[in-house]
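Numbering of ligands and ligand atoms starts at 1, following listing order. Counting from 1, the numbers follow the sequence of the chain as shown.
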Amino acid sequence: MKPANGKPGTSMENKTGNWRSERPEVDQSKCIKCGQCQLNCPDGCIFVTEKGAEPNYDYCKGCGICANVCPVKCIKMVPEEK
Ligand code: SF4
Ligand code: SF4
């Protein structure tokens, strides 16, 4: 099935609602800025900056892929603040 807009991997167009149950929390002091999280995030909503990886919580869907691929395990999935 084709995505509604005909383009794959463009979920950054869809803001996350209040249904997310977990969010990624990055310990930037341990981040080695390898870019794996940014490369693998299906929403394209985590970015490596000077400080380390930073998720954009307006778009993050809480899937946990970034935490799984991080080679130094500095991303932890934590329960969403309601
Ligand atoms: S939890 Fe999923 S959607 Fe959110 S930043 Fe990580 S990989 Fe992207
Ligand atoms: S995968 Fe982990 S170490 Fe690599 S940039 Fe992302 S948070 Fe940093």
Donor-acceptor pair, [X] side chain versus [Y] backbone, under 3.5 Å?
X     : Y     : answer
Gln38 : Val48 : yes
Lys61 : Asp43 : no
Gln36 : Cys66 : no
Tyr57 : Pro24 : yes

Atoms in ligand 1 with a heavy atom of Gly62 nearer than 4.0 Å: 1 (S), 4 (Fe)
Only heavy atoms of Lys61, strictly under 4.0 Å: list the atoms of ligand 1 that pass. 3 (S), 4 (Fe)
Arg23 side chain near Val78 side chain, heavy-atom distance below 4.5 Å: yes
Would a 4.5 Å heavy-atom cut-off, applied to side chains only, mark Pro42 and Cys63 as touching? yes
Donor-acceptor pair between Ser21 and Glu80 side chains, under 3.5 angstrom: no
List the closest protein heavy-atom neighbour of [atom]: residue, atom name, distance to the nearest 0.1 Å.
atom                    : value
atom 2 (Fe) of ligand 1 : Cys63 SG, 2.3 Å
atom 4 (Fe) of ligand 1 : Cys60 SG, 2.3 Å
atom 8 (Fe) of ligand 1 : Cys41 SG, 2.3 Å

Can you tell me which portion of Cys45 lies within the under-4.0 Å heavy-atom range of ligand 1? Options are side chain, backbone, both, or neither. side chain
Could you tell me, atom by atom, which parts of ligand 2 come under 4.0 Å of a heavy atom of Val48? 5 (S)
Tell me how many protein N, O or S atoms are within a distance shorter than 2.8 Å of atom 2 (Fe) of ligand 2. 1
Just how far is it from atom CD1 of Ile75 to atom SG of Cys37, taken to the nearest 0.5 Å? 4.5 Å
Check the pair Cys74, Cys31 against side-chain contact (heavy atoms from CB on, under 4.5 Å), reporting the backbone distance first and the verdict last. CA-CA 6 Å; Cys74 69; Cys31 174; 4.0 Å; yes
